[in-house]
Structures are given as structure tokens and as C-alpha cells.
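Structure record follows, encoded as C-alpha cells.
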Protein chains: 2
Amino acid sequence: MAERTQYEELMRQFSAFGAVRRELGRILPSDCPGGSAAVLTLLGRHGAMRMSRLAELLAVDMSVTSRHVAHVVDRGWIERSADPSDKRSRILRLTPSGQIRLDELSRRTAQLLADRLSDWSDEEVGQLIRLMARLRADFGDCRTHPAQPPPGETPHTPELEHTTRTPA
Amino acid sequence: MAERTQYEELMRQFSAFGAVRRELGRILPSDCPGGSAAVLTLLGRHGAMRMSRLAELLAVDMSVTSRHVAHVVDRGWIERSADPSDKRSRILRLTPSGQIRLDELSRRTAQLLADRLSDWSDEEVGQLIRLMARLRADFGDCRTHPAQPPPGETPHTPELEHTTRTPA
DNA sequence: TATTGTTATACTCTATAACTATA
DNA sequence: TATAGTTATAGAGTATAACAATA
């Protein structure tokens with residue numbers, strides 16, 4: 001358990017991290033914004049999956065996922081096929097052209113990181129990865145355990161949710 | 001210098017960090033979005049300053065800073081007074097009501113972090129702070145050293161810039 | 001002419017809500 | 001009735017460009 005001033009400093013670093021995020025976003029091709037890149041990356045890493053699973057991995061609402069996916073499908077980078085076992089579901093899968101796109105993105109990103117973090121040791125990069133993974137885990141299931149809303153405000157999720165979707 | 005797969009993993013963590021950011025955003029009062037909170041925090045930490053300095057600390061374009069500041073001024077949380085030494089400039093300063101708002105935000109944020117990171121040691125939180133600060137430094141001056149733009153794309157900043165503003 | 005700041009416009013990401021189709 | 005997914009709409013954040021006032 002850390003002290004309050006430490007939490008304030010951590011919050012400051014979180015806020016400043018936006019600059020890193022934006023810088024990484026600048027190397028994306030104009031037809032492949034961040035949302036599309038995230039979809040390609042997750043499909044590349046985890047293989048074919050349903051929309052709901054992708055929404056969970058992206059940690060955003062399924063409506064958002066649907067929009068990102070539509071953009072990527074339009075460009076032919078993934079295919080959206082029917083799930084024979086449940087006709088409501090759709091299975092997402094990288095196409096060969098999507099794999100090429102992903103490889104290119106991956107190469108470009110690694111290049112930029114290698115450039116900016118040239119004086120970081122392997123161990124230091126690993127440390128940051130571990131801490132951020134743990135951070136994510138401890139904040140994980142954000143949408144299933146909503147924070148106490150500000151007084152006078154309506155909570156964004158009225159009850160415990162076990163899905164990553166808009167309440168009906 | 002780390003390996004490529006490590007950079008890809010790091011990128012994945014960066015991407016997933018969005019969920020943490022959004023969760024932290026959910027505890028903000030509806031009249032104080034993230035941009036306003038960042039303005040208050042930086043003025044509280046560094047004291048009165050000019051727009052250009054604030055834009056530099058926020059690491060966003062001055063046009064964005066201007067918008068955030070206008071929102072905060074409208075609510076009476078900061079005052080925007082003329083700089084006697086340069087009539088083009090404006091000095092920003094927290095008002096007493098802004099200080100109260102900031103204290104409240106700070107308290108609420110520390111509370112959420114203390115809750116989510118309850119099993120992190122003081123040392124671990126410090127480690128994350130140090131690594132993120134270094135990350136920010138190594139990505140720092142993003143706008144003054146633009147990354148190589150994608151092939152076939154126009155660079156966002158045509159030349160080396162030494163200010164945080166839209167090229168005229 | 002160059003600099004400080006503001007405003008108008010456009011784009012991305014996100015959430016909520018309403019809707020369709022299937023279970 | 002509940003679930004998977006889509007679409008419409010609204011709000012926040014950001015960047016670029018054009019502009020006004022001052023240096």
C-alpha cells in the first residue's frame with residue numbers, strides 16, 4: 001500500500017502517457033486508425049473469434065467493436081463469417097491481406113519503439129511490460145465492477161454486468 | 001536494446017492501457033472532463049503560467065489547450081489575466097474555487113488508485129512511476145522530433161518545430 | 001515578419017439507446 | 001424473454017488551418 005502523494009504522482013504519469021499514445025498513433029497509415037490496428041493485432045494474436053470475445057479483449061462496448069470491425073472488413077483485412085452453431089454470432093478471421101497489413105504495422109511499431117527506447121535494457125522493458133500487465137489486471141473487468149460514481153451522478157452501469165455490452 | 005517480440009508485447013500493453021484510462025475517467029464529475037482535470041492538476045502543481053507553457057506541459061497543440069482552458073474559465077476554476085510584459089500573453093492561475101475542485105479530484109483519484117492497487121507495494125508503485133516518467137522523457141518532445149511518416153503520407157510537421165503550436 | 005492565442009472544422013474514439021435477428 | 005450484433009446519436013479529445021492582436 002503506497003502513500004497518497006505517490007498515487008497523485010502516478011496519476012500524473014498516466015495523464016502524461018497520452019503524449020506517448022499520440023506519438024505512436026502518428027505512424028499509422030491514414031486508412032488504418034488505432035481502432036483498426038487494435039482489431040488486427042488481437043485477431044493476429046488470438047486467432048479467429050466472435051465479436052463479443054473481441055469486445056472483451058478490446059475492453060470497449062460491443063457497439064464500438066462493431067464499428068471498428070466494419071471499417072476493417074470494408075478494407076478486406078478480416079472476414080466476418082456466420083457461426084453455424086449460433087446464427088446470431090459472427091466469426092472474425094484475418095485475411096491474407098490483413099495478415100500482410102498486420103505484419104507491416106507490427107514492423108513499423110517495433111521500429112519506432114526500438115528507436116525511442118534504444119537505451120532501455122531488455123530487463124527494463126520487461127519490467128514495464130510486467131507492471132503494465134498487472135495494472136491492467138488490477139483495473140480489469142472495469143465494466144463489471146464499476147467505480148463509485150461521483151455524488152449526484154448517475155452510475156454508468158446500474159448493476160453488476162457480466163458482458164461487455166450496452167444494457168438493453 | 002530489447003527484442004522485437006518484446007516491443008510488440010509492450011505495444012499491446014500500451015493499447016490495453018486505454019481501459020485503465022477510461023476507468024479513471026469514469027470517476028470525474030460530468031462538468032469536469034479529463035481535459036479540465038489535467039489543466040487544474042498542472043496549474044496546481046506548477047503554479048501560474050502562460051498558455052504556451054501549459055500547452056507544452058499538456059503536450060498538445062495550443063488550440064486544444066485553449067479549448068480546455070476556456071471550459072475551466074467558464075466554471076470559475078481558473079482566472080485568465082493579461083500579462084503586463086506581453087499583451088499577447090495571458091497568465092493562468094487557479095482560483096480558490098478551482099483549488100477546492102482540484103483537492104476534491106485529487107482525493108477521489110487517490111482513493112480509486114488505493115482501492116485498485118491495494119496489493120501493490122510502495123516500491124512497486126514507485127517503479128511504475130519511474131518507468132513511465134522515463135518513457136515519457138524518451139518519447140518527449142514528440143512534436144519537435146516527429147516520427148518518420150508512413151510512406152505515401154504527408155508528415156504532420158513538415159520541419160523541426162520548437163513550439164507546441166499549429167504551423168502558421 | 002514573427003509570435004501568442006482563439007476559433008472553425010474535421011476526424012477518431014467512446015458510450016448510450018433503440019433496433020433486428022436468433023436462441 | 002434474453003442474447004449477439006448493428007446503427008444512430010452525442011460527447012470528449014485532438015489536429016490543421018485561418019484569423020486577430022501584439023511584438
Side-chain angles (χ1 to χ4, degrees), chain A residues 15 18-19 21-23 25-26 28 30-39 49-56 58-71 73 80 82-92 142-143 146 154-158 161-168, chain B residues 15 18-19 21-23 25-26 28 30-39 49-56 58-71 73 80 82-92 142-143 146 154-158 161-168:
Chain A
S15 179
R21 218 169 16 88
R22 289 191 292 278
E23 175 72 353
R26 278 188 252 278
L28 295 174
S30 60
D31 62 346
C32 183
S36 300
V39 167
M49 66 182 79
R50 313 204 310 182
M51 289 289 304
S52 51
R53 167 78 173 137
L54 180 58
E56 191 183 314
L58 287 169
V60 297
D61 192 272
M62 194 151 57
S63 66
V64 176
T65 307
S66 183
R67 237 175 59 104
H68 290 327
V69 164
H71 185 271
V73 168
R80 204 163 28 172
D83 180 347
S85 74
D86 184 341
K87 284 185 191 141
R88 294 172 303 179
S89 288
R90 308 178 79 171
I91 305 294
L92 311 173
C142 293
R143 298 176 62 80
T154 308
H156 294 197
T157 42
E161 282 290 329
H162 294 294
T163 59
T164 312
R165 85 180 309 294
T166 296
Chain B
S15 178
R21 220 169 14 88
R22 288 193 292 280
E23 175 72 351
R26 277 188 252 279
L28 295 174
S30 59
D31 62 346
C32 183
S36 299
V39 167
M49 67 183 78
R50 314 204 310 181
M51 289 288 305
S52 51
R53 168 78 172 136
L54 180 58
E56 191 184 315
L58 287 170
V60 297
D61 193 272
M62 194 151 56
S63 65
V64 177
T65 307
S66 184
R67 238 173 58 105
H68 289 327
V69 164
H71 184 271
V73 168
R80 202 162 31 172
D83 180 348
S85 73
D86 184 341
K87 284 184 192 143
R88 295 172 303 179
S89 288
R90 309 180 76 171
I91 305 293
L92 310 173
C142 293
R143 298 175 63 79
T154 309
H156 294 196
T157 43
E161 281 290 329
H162 293 295
T163 58
T164 311
R165 82 181 312 291
T166 296

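All chains are named by letter (A, B, ...) in the order of the sequence lines, taking the proteins before the strands, and each is independently numbered beginning at 1.
Look at NE2 on A/His71: it is 12 Å from P on C/dC11, rounded to the nearest Å. Here C/dT3 presents its P atom at 12 Å from CZ of B/Arg50, a figure rounded to the nearest Å. The nearest whole Å value for the distance from the CG atom in A/Asp61 to the C1' atom in D/dA4 is 12 Å. Nucleotide D/dT16 holds its C1' atom 14 Å from the CE atom of B/Met62, rounded to whole Å. The separation between A/Leu58 atom CG and C/dC13 atom P is 11 Å, rounded to whole Å. One can place CZ of A/Arg21 at 10 Å from P of D/dA15, the figure rounded to the nearest angstrom. As a whole-Å value, the separation of A/Asp31 CG from C/dC11 P is 15 Å. When rounded to the nearest whole Å, the span between CD1 of B/Ile91 and P of C/dT4 equals 12 Å.
Across all strands shown, A/Arg80 has heavy atoms under 4.0 Å from sugar-phosphate atoms exclusively, and none from any base. Counting any heavy atom pair closer than 4.0 Å across all strands shown, A/Gly18 reaches no nucleic acid atom. Contact annotation for A/Asp83: no contact, since no heavy-atom pair falls under 4.0 Å across all strands. Here A/Arg22 lies in heavy-atom contact (under 4.0 Å) with sugar-phosphate atoms only. Within the nucleic acid shown, B/Gly25 has no heavy atom closer than 4.0 Å to any nucleic acid atom.
The side-chain heavy atoms of B/Leu58 and B/Val64, taken from C-beta on, include no pair separated by under 4.5 Å. Residues B/Leu92 and B/Arg50 are not in side-chain contact: their nearest non-hydrogen atoms beyond the backbone lie 4.5 Å or more apart. Between A/Met62 and A/Glu56, every side-chain heavy-atom pair lies at or beyond the 4.5 Å cut-off.
Within the 4.0 Å cut-off from OP1 or OP2 of C/dT12, not a single side-chain nitrogen or oxygen of A/Arg67 is found. Contact annotation: A/His68 side-chain N/O to C/dT14 OP1/OP2 distance is under 4.0 Å. Between A/Arg88 and C/dT20 there is no side-chain polar atom (N or O) within less than 4.0 angstrom of OP1 or OP2. Between B/Ser89 and C/dG5 there is a side-chain N or O to OP1 or OP2 distance below 4.0 Å. In this model, the phosphate group of D/dT7 is not approached by any side-chain N or O of A/Ser63 to a distance below 4.0 Å at OP1 or OP2. The phosphate of D/dT6 (OP1 or OP2) has a side-chain N or O of A/Arg90 nearer than 4.0 angstrom.
The 5' end of DNA chain C is approached more closely, in terms of each residue's nearest nucleotide, by B/Val69 than by the other of B/Val69 and A/Asp86. In terms of position along DNA chain D, the nucleotide closest to B/Gly34 lies nearer the 5' end than the nucleotide closest to the other residue of the pair B/Gly34 and B/Pro84.
With sequence neighbours excluded, no residue forms a side chain to side chain contact (heavy atoms under 4.5 Å, CB included) with A/Arg67.
Distance OG/A/Ser52 to CZ/A/Arg90: 13.0 Å, rounded to 0.5 Å. In this structure, SG on A/Cys32 lies 7.5 Å from NE2 on A/His71, to the nearest 0.5 angstrom.
Proximity note for A/Lys87 (side chain, C-beta onward) versus C/dA23, C/dC13, D/dA23: the nearest is C/dA23.
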